[in-house]
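One structure below.
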There are 2 protein chains.
Amino acid sequence: MRKAEFDRAEVLRKAMLAFQKKGYARTSMKDLVAATGLHPGSLYCAFENKRGILLAAVEQYQADRAAQFEACIQGRDPLGGLRAYLDSVVSECACCDPNGACLVAKAINELAEQDEEVQARLSDIMTDLEVAVHDLFVRACEASPEPVEPDARLRARFFMMGIYGLRTYGHTHPGRDVLQALADELFRAVTRGLSGTEGLT
Amino acid sequence: MRKAEFDRAEVLRKAMLAFQKKGYARTSMKDLVAATGLHPGSLYCAFENKRGILLAAVEQYQADRAAQFEACIQGRDPLGGLRAYLDSVVSECACCDPNGACLVAKAINELAEQDEEVQARLSDIMTDLEVAVHDLFVRACEASPEPVEPDARLRARFFMMGIYGLRTYGHTHPGRDVLQALADELFRAVTRGLSGTEGLT
DNA sequence: CTTTATCTTGATCAAACATTCAAATACATC
DNA sequence: GATGTATTTGAATGTTTGATCAAGATAAAG
C-alpha cells in the first residue's frame with residue numbers, strides 16, 4: 001500500500017479557487033493541474049475525472065462554509081448570529097476579487113438543468129445552510145410570547161434568497177455601502193416582529 | 001449590394017435559448033450553428049465571433065425583457081405593475097425548463113471578473129431595469145403625504161436583489177408555492193409603509 | 001444583361017481539450 | 001530488505017473547440 005502524498009483538503013481548496021475564478025466549464029484540466037500542483041494522472045487517480053474534482057471541491061467548500069457559519073453564531077444569540085453571518089457575506093461580496101464569489105451559487109447557476117447529480121448535491125448544500133438558519137429562527141421565534149408571522153421556515157427561506165440575491169447583485173455594484181444597506185434591509189425584513197427588534201425602524 | 005437573408009432578432013433569440021440552456025462556455029459554435037440554422041461563416045460574418053454572438057444576444061434579451069416589463073406595468077398603478085412583473089418572474093422560475101433562466105443573471109454569474117466589457121454591459125442592463133423599477137417606486141412614494149422610509153432607491157435595489165435571489169433559489173426548489181410565498185414576502189417588504197398597503201399583514 | 005459588391009456555404013485549420021497509459025517511484029507490510 | 005500494491009509522472013491520444021477562407025450564389029446598380 002501507499003498513501004497519497006498530497007493533502008486532500010488543501011488540493012481541493014486550490015481547485016475551489018480555480019472553479020470560483022473561471023466557472024466549471026472554462027476551468028481546464030491544465031488550469032487544475034497548475035492550480036493544484038498535481039499531475040493529470042494523480043488528479044484522475046484521486047477524483048476520477050473533472051466532474052469528480054468539482055464534486056469533491058464542492059464537498060470541501062461546504063465543510064469550510066459550515067465552519068464559517070458556526071464561527072459566526074458561536075457565542076451569540078440567534079439573531080446576532082444571523083447578523084454576523086450576513087455581515088461576513090457582505091464583506092465577501094464587497095471585495096470584488098473572484099474568491100469572494102460563492103462556489104455553490106456560481107455552480108448552480110452554471111449547471112442547473114445540465115447535470116442532475118451535481119445540481120442535487122448543490123441543492124442539498126444550500127438546504128443544509130437553510131436548515132441551520134431555520135434553527136436560529138425557530139429559537140428566535142420561540143422567544144416571543146405569542147406566535148409570530150411569518151413563520152421560521154419562510155423567514156429562513158427569505159434569508160437565503162436574500163443572500164443569493166446579494167451575491168448576484170454584488171457582481172454589478174462594487175460599492176460596499178450599497179450592499180451593506182441592502183443587507184440591513186434584508187435583516188430588518190427577516191426579523192420583523194421578533195423580540196429584540198421592536199424598536200427598530 | 002445584397003441584404004442578409006436571415007432575421008437578426010429571430011436568430012439572436014435562438015442563440016439566447018442556447019446560451020440559457022448551457023451557459024456561455026459550454027455552448028459550442030456547433031451548438032449555435034445547430035440552434036440558429038446559420039452556417040459558421042454567416043455567424044462570424046454577422047457577429048464577429050462567439051463573444052459577439054453573446055453580446056448581440058444579450059442586447060436582444062434586454063429589448064425583449066424591457067417589452068415584457070412594459071407589458072406588466074401597462075394600465076396598472078405603480079405597485080400593481082411591480083406585483084404583476086414579480087408574478088411573471090415567479091412563473092418563469094417555477095416551470096423549471098431552462099428557458100426560464102434569466103440570461104443576464106446566468107451570464108453575470110458565469111462571466112463576472114472574467115470579461116470586463118461583457119460584465120459592464122450586463123450591469124447596464126440590470127441597472128436599466130432597476131431604473132424603471134425605481135421610477136415606479138418614486139411614483140408610489142409620492143402618493144404618500146409624508147416622506148417614507150426607506151427611500152425609493154433602496155426599495156428598487158432591494159426589489160432587484162430579491163428577484164435575482166428568487167432566480168437562484170428557484171434552481172433548487174421546483175415548488176411554485178414556495179417561490180410564490182417568497183415573492184409575496186418580497187413584495188410585502190418592499191412596499192412597507194406605502195399607501196394602499198397599510199392594512200396588509 | 002453585365003458588373004459589382006455582398007452574403008452563403010461547408011470543408012478545413014491549428015490549438016485546446018479531457019482523458020489514458022505504461023513506466024517509474026515510494027510506501028507499508030512481512 | 002524484499003514484496004506487493006498504490007501513487008506519481010508526463011508524454012501521447014483522439015476529440016472538440018473557435019475560427020478561417022476560397023469558391024459559389026444572389027441581389028442591386030448601371
Side-chain angles (χ1 to χ4, degrees), chain A residues 1-58 60 103 106-107 110-111 114-118 121, chain B residues 1-58 60 103 106-107 110-111 114-118 121:
Chain A
M1 301 280 192
R2 188 185 168 194
K3 275 173 44 184
E5 283 175 2
F6 57 86
D7 176 350
R8 191 183 158 94
E10 200 176 318
V11 162
L12 287 177
R13 280 198 197 95
K14 288 173 182 165
M16 265 173 44
L17 290 182
F19 284 132
Q20 281 172 326
K21 221 172 287 205
K22 301 229 236 165
Y24 176 68
R26 238 188 166 73
T27 302
S28 67
M29 273 296 162
K30 213 177 147 195
D31 291 333
L32 290 169
V33 165
T36 61
L38 268 58
H39 293 250
S42 299
L43 283 171
Y44 278 90
C45 176
F47 305 110
E48 179 91 10
N49 52 29
K50 184 181 167 186
R51 186 166 165 279
I53 302 177
L54 177 72
L55 281 167
V58 154
Q60 182 65 46
L103 178 61
K106 194 163 171 124
E110 179 178 349
L111 299 175
Q114 278 192 80
D115 185 321
E116 239 178 87
E117 187 188 346
V118 171
R121 193 68 202 93
Chain B
M1 301 283 191
R2 188 186 168 194
K3 275 172 44 184
E5 284 173 3
F6 58 85
D7 177 349
R8 190 182 158 93
E10 201 176 318
V11 162
L12 286 177
R13 280 198 199 95
K14 288 173 182 166
M16 264 173 43
L17 290 183
F19 284 133
Q20 282 173 325
K21 222 174 290 212
K22 301 231 237 162
Y24 175 69
R26 239 190 167 71
T27 302
S28 68
M29 273 296 161
K30 209 177 152 197
D31 291 333
L32 290 169
V33 165
T36 61
L38 268 59
H39 293 249
S42 300
L43 281 172
Y44 278 91
C45 176
F47 305 109
E48 181 90 7
N49 51 30
K50 184 181 167 186
R51 186 166 165 279
I53 301 178
L54 177 72
L55 281 167
V58 154
Q60 182 65 45
L103 178 61
K106 198 169 166 115
E110 180 177 349
L111 301 174
Q114 279 193 78
D115 185 321
E116 240 178 86
E117 187 190 346
V118 170
R121 193 69 202 92

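Proteins get letters first, then strands, A, B, ... in listed order; numbering begins at 1 in each.
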Tabulate atom names and distances for all N/O pairs under 3.5 angstrom spanning the protein and nucleotides 13-19 of chain C.
unit_1  : atom_1 : unit_2   : atom_2 : d
dA18(C) : OP1    : Lys50(A) : NZ     : 2.9
dA18(C) : OP2    : Met29(A) : N      : 2.6
dT19(C) : OP2    : Tyr44(A) : OH     : 2.8
dT19(C) : OP2    : Lys50(A) : N      : 3.1
dT19(C) : O5'    : Tyr44(A) : OH     : 3.2

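- The interatomic distance linking Phe6(A) (CZ) with dC27(C) (P) rounds to 14 Å, in whole Å.
- Using a 4.5 Å cut-off on side-chain heavy atoms (C-beta onward), Leu17(A) and Gln20(A) make contact.
- Following rounding to the nearest Å, Leu43(A) (CG) and dT7(D) (P) show an atom-to-atom distance of 13 Å.
- Applying the side chain to side chain contact (heavy atoms under 4.5 Å, CB included) test between Leu32(A) and each of Val11(A), Leu54(A), Ile53(A) identifies Ile53(A) as the sole match.
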Could you walk me through whether Phe19(A) and Val58(A) pass the side chain to side chain contact (heavy atoms under 4.5 Å, CB included) test, one step at a time? CA-CA 10 Å; Phe19(A) 284 132; Val58(A) 154; over 6 Å; no
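- If you take CZ of Arg8(B) and C1' of dC7(C), they are 15 Å apart, rounded to a whole angstrom.
- Taking 4.5 Å as the limit, some side-chain heavy atom of Leu55(A) sits within range of a side-chain heavy atom of Glu117(A).
- Computed from coordinates, the His39(B) NE2 to dG24(D) C1' distance equals 13 Å when rounded to whole Å.
- Put simply, the side chain of Tyr24(A) reaches to within 4.5 Å of the side chain of Arg51(A), judged on heavy atoms.
- How far CG of Asp7(A) is from CZ of Arg13(A): 7.5 Å, rounded to the nearest 0.5 Å.
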